[in-house]
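Here the structure is laid out as structure tokens; the discussion comes afterwards.
For reference, positions follow the sequence shown, starting with 1. Everything numeric here is computed off the predicted structure, so don't read it as measured data.
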Amino acid sequence: QVQLVESGGGSVQAGGSLRLSCTASGYTSSNNYIAWFRQFPGKEREGVAAISTMFRSTYYAGSVKGRFTISRDNAKNTVYLQMDSLRPEDTAMYYCAADLPRGSSSRDALSPYKYNYWGQGTQVTVSS
């Protein structure tokens, strides 16, 4: 059974940094994607960043490019989201997701509709 567990959320002032972690158990796909999403109250989840498990290619939403960095530690089966220069508008629940269906491509890496496995989320709050 696949489990994704996020950690590292919290409260920070604008301009500060947080590092989120997503540790996967029971998931061993060597050629797929793991991604971070966020959800604002009353809104749909939106893709933040994704990383391919084989080639380590990375993908970012325009709103976070240059401020957030996604990385992966295969030995720990963990994906990180380093968030720098945080803004109040980054306040949201952050989720990690893994495993796009067969036939998916990199164009689906930030799609919230296709991932098979999701974590429970971790709250990030940025105050001004």
Side-chain angles (χ1 to χ4, degrees):
Q1 184 177 353
V2 175
Q3 278 194 317
L4 304 176
V5 179
E6 302 100 333
S7 61
S11 297
V12 65
Q13 288 194 322
S17 299
L18 284 173
R19 188 177 79 157
L20 305 183
S21 300
C22 172
T23 300
S25 59
Y27 182 66
T28 58
S29 176
S30 61
N31 185 18
N32 211 296
Y33 296 85
I34 295 179
W36 285 96
F37 292 82
R38 63 187 180 185
Q39 189 167 22
F40 306 111
K43 303 286 187 180
E44 291 188 345
R45 290 181 189 179
E46 64 176 36
V48 174
I51 186 167
S52 69
T53 56
M54 175 173 283
F55 302 107
R56 296 182 184 265
S57 301
T58 56
Y59 309 88
Y60 295 95
S63 59
V64 306
K65 196 172 292 185
R67 300 188 298 123
F68 291 10
T69 303
I70 189 170
S71 62
R72 176 177 172 90
D73 185 335
N74 286 338
K76 296 182 179 180
N77 222 19
T78 299
V79 171
Y80 303 99
L81 184 67
Q82 177 66 41
M83 305 187 296
D84 298 318
S85 302
L86 281 163
R87 305 167 180 168
E89 54 264 39
D90 294 316
T91 296
M93 184 71 79
Y94 284 73
Y95 299 88
C96 71
D99 197 50
L100 288 172
R102 186 185 299 272
S104 300
S105 71
S106 61
R107 291 175 296 180
D108 301 308
L110 292 179
S111 169
Y113 304 110
K114 293 196 171 185
Y115 281 87
N116 288 318
Y117 306 111
W118 291 85
Q120 82 289 349
T122 186
Q123 178 68 37
V124 171
T125 302
V126 185
S127 58
S128 57

Not counting sequence neighbours, which residues clear side chain to side chain contact (heavy atoms under 4.5 Å, CB included) with Thr23? List them please. Thr78

Within the 4.5 Å heavy-atom criterion, are Thr69 and Leu81 side-chain neighbours or not? no

The criterion is side chain to side chain contact (heavy atoms under 4.5 Å, CB included); which residues satisfy it with Gln39, sequence neighbours excluded? Arg45, Tyr95

Under the side chain to side chain contact (heavy atoms under 4.5 Å, CB included) rule, collect the residues that match up with Ala109, sequence neighbours excluded. Tyr33, Ala50, Tyr59, Tyr115

Just wondering, do Asn74 and Arg56 contact through their side chains at under 4.5 Å, heavy atoms? yes

Ignoring hydrogens and angles, state whether a donor on the side chain of Glu44 or Tyr113 is under 3.5 Å from an acceptor on the partner side chain. yes

For Glu46, all residues meeting salt bridge (charged side-chain N to carboxylate O under 4.0 Å, His left out), sequence neighbours excluded: Arg38

Any disulfide bond (SG atoms under 2.5 Å apart) involving residues 46-83? Give me the pairs, sequence neighbours left out, ordered by first then second residue. none

Just checking, is any N or O donor in the side chain of Thr53 or Asn32 under 3.5 Å from an acceptor N or O on the other one? no

Contacts of Ser85 meeting side chain to side chain contact (heavy atoms under 4.5 Å, CB included) (sequence neighbours excluded), chain-then-number -> Arg67

Do Met83 and Val64 belong to the same hydrophobic cluster, where Ile, Leu, Val, Met, Phe, Trp and Tyr are linked whenever their side-chain heavy atoms lie under 4.5 Å apart, directly or via other members? yes

What residue pairs, at least two apart or across chains, pass salt bridge (charged side-chain N to carboxylate O under 4.0 Å, His left out) with a residue in residues 114-126? Asp108-Lys114

Could you go through the side-chain contact (heavy atoms from CB on, under 4.5 Å) check for Ser17 and Gln82 one step at a time? CA-CA 7 Å; Ser17 299; Gln82 177 66 41; 3.9 Å; yes

For Arg102, what residues pass the side chain to side chain donor-acceptor pair (under 3.5 Å) criterion, not counting sequence neighbours? none

Sole residue of Trp36, Tyr80, Phe68 in side chain to side chain contact (heavy atoms under 4.5 Å, CB included) with Leu20: Trp36

Could you tell me if the side chain of Gln13 sits less than 4.5 Å from the side chain of Val126, heavy atoms only? no

Walk me through it: do Thr91 and Glu89 pass the test side-chain contact (heavy atoms from CB on, under 4.5 Å)? CA-CA 5 Å; Thr91 296; Glu89 54 264 39; over 6 Å; no

Name each donor-acceptor pair under 3.5 Å that joins a side chain in residues 3-11 to protein atoms two or more places apart or in another chain, with its distance.
from: Glu6; atom 1: OE1; to: Gln120; atom 2: N; distance (Å): 2.9
from: Glu6; atom 1: OE1; to: Gln120; atom 2: NE2; distance (Å): 3.4
from: Glu6; atom 1: OE1; to: Gly121; atom 2: N; distance (Å): 2.9
from: Glu6; atom 1: OE2; to: Cys96; atom 2: N; distance (Å): 2.8
from: Glu6; atom 1: OE2; to: Gly121; atom 2: N; distance (Å): 3.2

Min side-chain heavy-atom separation Thr125-Val12 under 4.5 Å: no

Where at least one partner belongs to residues 38-87, residue pairs that pass disulfide bond (SG atoms under 2.5 Å apart), sequence neighbours excluded: none

For Lys76, all residues meeting salt bridge (charged side-chain N to carboxylate O under 4.0 Å, His left out), sequence neighbours excluded: none

Taken in chain and number order and not counting sequence neighbours, the residues that satisfy side chain to side chain donor-acceptor pair (under 3.5 Å) with Asn116 are Asp99

